[in-house]
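Please read the structure below before turning to the comments.
Note that this is a predicted model, so its numbers are computed, not measured.
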Amino acid sequence: MDSLKNGWFSELQADLWPGQSFSLKVKEVIHKEKSKFQDIQIVETETYGRCLILDGIIQCTARDEFSYQEMISFLPLCAHPNPKKVLIVGGGDGGVAREVVKHPLVEEVHQVEIDDRVVELSKQYLPAMACGFENEKLKLTIGDGFDYMKKHKNEFDVIITDSSDPIGPAVSLFQESYYELMKHALKEDGIVCSQGGSFWLDLDYIKKTMTGCKEHFAKVAYAVTSVPSYPCGHIGFVMGSLNKDQNFVKPTLGEAEIDAIDLKYYSSEIHTSAFSLPRWVQKHFYN
C-alpha cells in the first residue's frame, strides 16, 4: 500500500504503463486499509483535492472526477432513445450513480459492487460522489457482477461498467465472455459502455477488447475524454449496441435538457467529438 515517498504519491504500475508515473503531492493520508479484495487509500492532495486510490492506482480525484463520471454515463444514456432501466457494474465511489440518476428518462438504476468497503469509505470520505447512493432511483447490491447478470436476463436498456484497469481480477471485465454476459442481460437494442483504457498506452489491447465486443454487438465504437489525473491525461470507453443501425455520435438530449440537469463537462458537442479519433488510431481500430 505504500506508494508515498517524501510527501508524494506516485502511481507506479510496470504492467500497465511501464516507464512512466503520475505523482501528486499529499497533504494528509485520510484513510488506508486492506479490504477482502484490494488495498484502499484515501488521501488529501495539494492541488487535486481528495483522491481515492485502489491497489496503488488513482480511481478519482475531486478536481477532475466529473469528466469521467459524466462521460461514461451520458455517452451511452444519450445514445439510447429510452434508457429507463440501467445497470452499473462497479463504481463503488458512487460517482456514476450520481450522474445516471440525473437523466430525465431513467426510472430505475441497479448497481452491483463487489467491495462494500469502497462504498462505505466513499460515503464517509467522498460524499460529493457517494451522494449517488442516496437517490431513490438506485438499488445497490453488494456482490459479483458476473453472478448478478446471470440471474437478470433481458432486463436492462443500458449497462455501464465502471471498472478498474485490466490487471488482476478486473481483467475478466475486458474479455469477450463478459460482453456475451452483458448481451444476455440487455433488452432489445440495448447499449453497453465500459472503461476502455488509453490508446496512448496499449492500442492493441483496446482493439482486442473491441473485437471481443463485436462478437456479440452489432455496432461497436470507442470514445475518449480528458481526465488529467489518469495516465496520459485521458481515458477511453468501449461502447456496443445490439441495434445494427445505432448512431452513437448523435446525442438524444438537446442543450436545454442538458442545461436543466446541470452537467459540468458533457454537452452535445462533446458527445459528438468524443468519437473523433486521431487518424492512426481510427485506422487501427476500424480498418
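- Every side chain to side chain contact (heavy atoms under 4.5 Å, CB included) that Asp55 has, sequence neighbours left out, goes to Gln38, Asp39.
- Nearest heavy-atom pair, Trp200 versus Cys232, reported as atom, atom and distance to 0.1 Å: CB-SG, 3.7 Å.
- Closest heavy-atom contact between Phe237 and Cys193: CB-SG, 3.8 Å.
- Sorted pairs that involve residues 253-269 and meet salt bridge (charged side-chain N to carboxylate O under 4.0 Å, His left out), not counting sequence neighbours, are lacking altogether.
- A side-chain donor-acceptor contact under 3.5 Å links Lys137 to the backbone of Val106.
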_Working note: Phe146 + Tyr178, criterion ring pair (Phe, Tyr, Trp, His ring centres under 6.0 Å); need CA distance, chi angles, decisive distance, verdict._
CA-CA 8 Å; Phe146 279 77; Tyr178 182 66; 5.2 Å; yes
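- Across Ser67 and Val227, no two heavy atoms sit closer than the pair OG-CG2, 3.8 Å.
- Seen from the ring of Phe133, Lys123 counts as a face-on cation partner, given the 6.0 Å and 45° thresholds.
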Q. Where do Ser194 and Tyr179 land on the side chain to side chain contact (heavy atoms under 4.5 Å, CB included) test, with the steps shown first?
A. CA-CA 10 Å; Ser194 301; Tyr179 284 95; 3.8 Å; yes
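- When every heavy atom of His216 is checked against every heavy atom of Leu242, the shortest pair comes out as O-CD2, 3.5 Å.
- Checked options Val89, Val96, Ile191, Val192; the residue passing with Ile160 is Val96 (criterion: side-chain contact (heavy atoms from CB on, under 4.5 Å)).
- Between the side chains of Asp64 and Thr61, at least one donor-acceptor pair of N or O atoms lies under 3.5 Å.
- For Asp157 (side chain) and Gly190 (main-chain N/O), no donor-acceptor pair under 3.5 Å exists by modelled atom type.
- Between the side chains of His284 and Gln282, not a single donor N or O lies within less than 3.5 Å of an accepting N or O.
- Across Phe275 and Phe248, no two heavy atoms sit closer than the pair CE1-O, 3.5 Å.
- Of the candidates Arg98, Gln59, Arg50, Glu65 forms a side-chain hydrogen bond (donor to acceptor under 3.5 Å, both in side chains) with just one, namely Arg98.
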Where do Ser241 and Gln246 land on the side-chain hydrogen bond (donor to acceptor under 3.5 Å, both in side chains) test, with the steps shown first? CA-CA 7 Å; Ser241 174; Gln246 176 70 52; 3.1 Å; yes
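- The aromatic ring centroids of His271 and Phe74 lie 6.0 Å or more from each other.
- The closest side-chain heavy-atom distance from Ser198 to Trp17 is not below 4.5 Å.
- Considering Asp116, Val109, Val119, Ile88 as possible partners of Leu140, the one that fulfils the side-chain contact (heavy atoms from CB on, under 4.5 Å) test is Val119.
- You'll find the side chain of Gln195 reaches within 4.5 Å of the side chain of Ile235, heavy atoms only.
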| request: Go through His110 and Phe156 one step at a time and tell me if the side chain to side chain contact (heavy atoms under 4.5 Å, CB included) criterion holds. | output: CA-CA 9 Å; His110 296 258; Phe156 303 102; 4.0 Å; yes
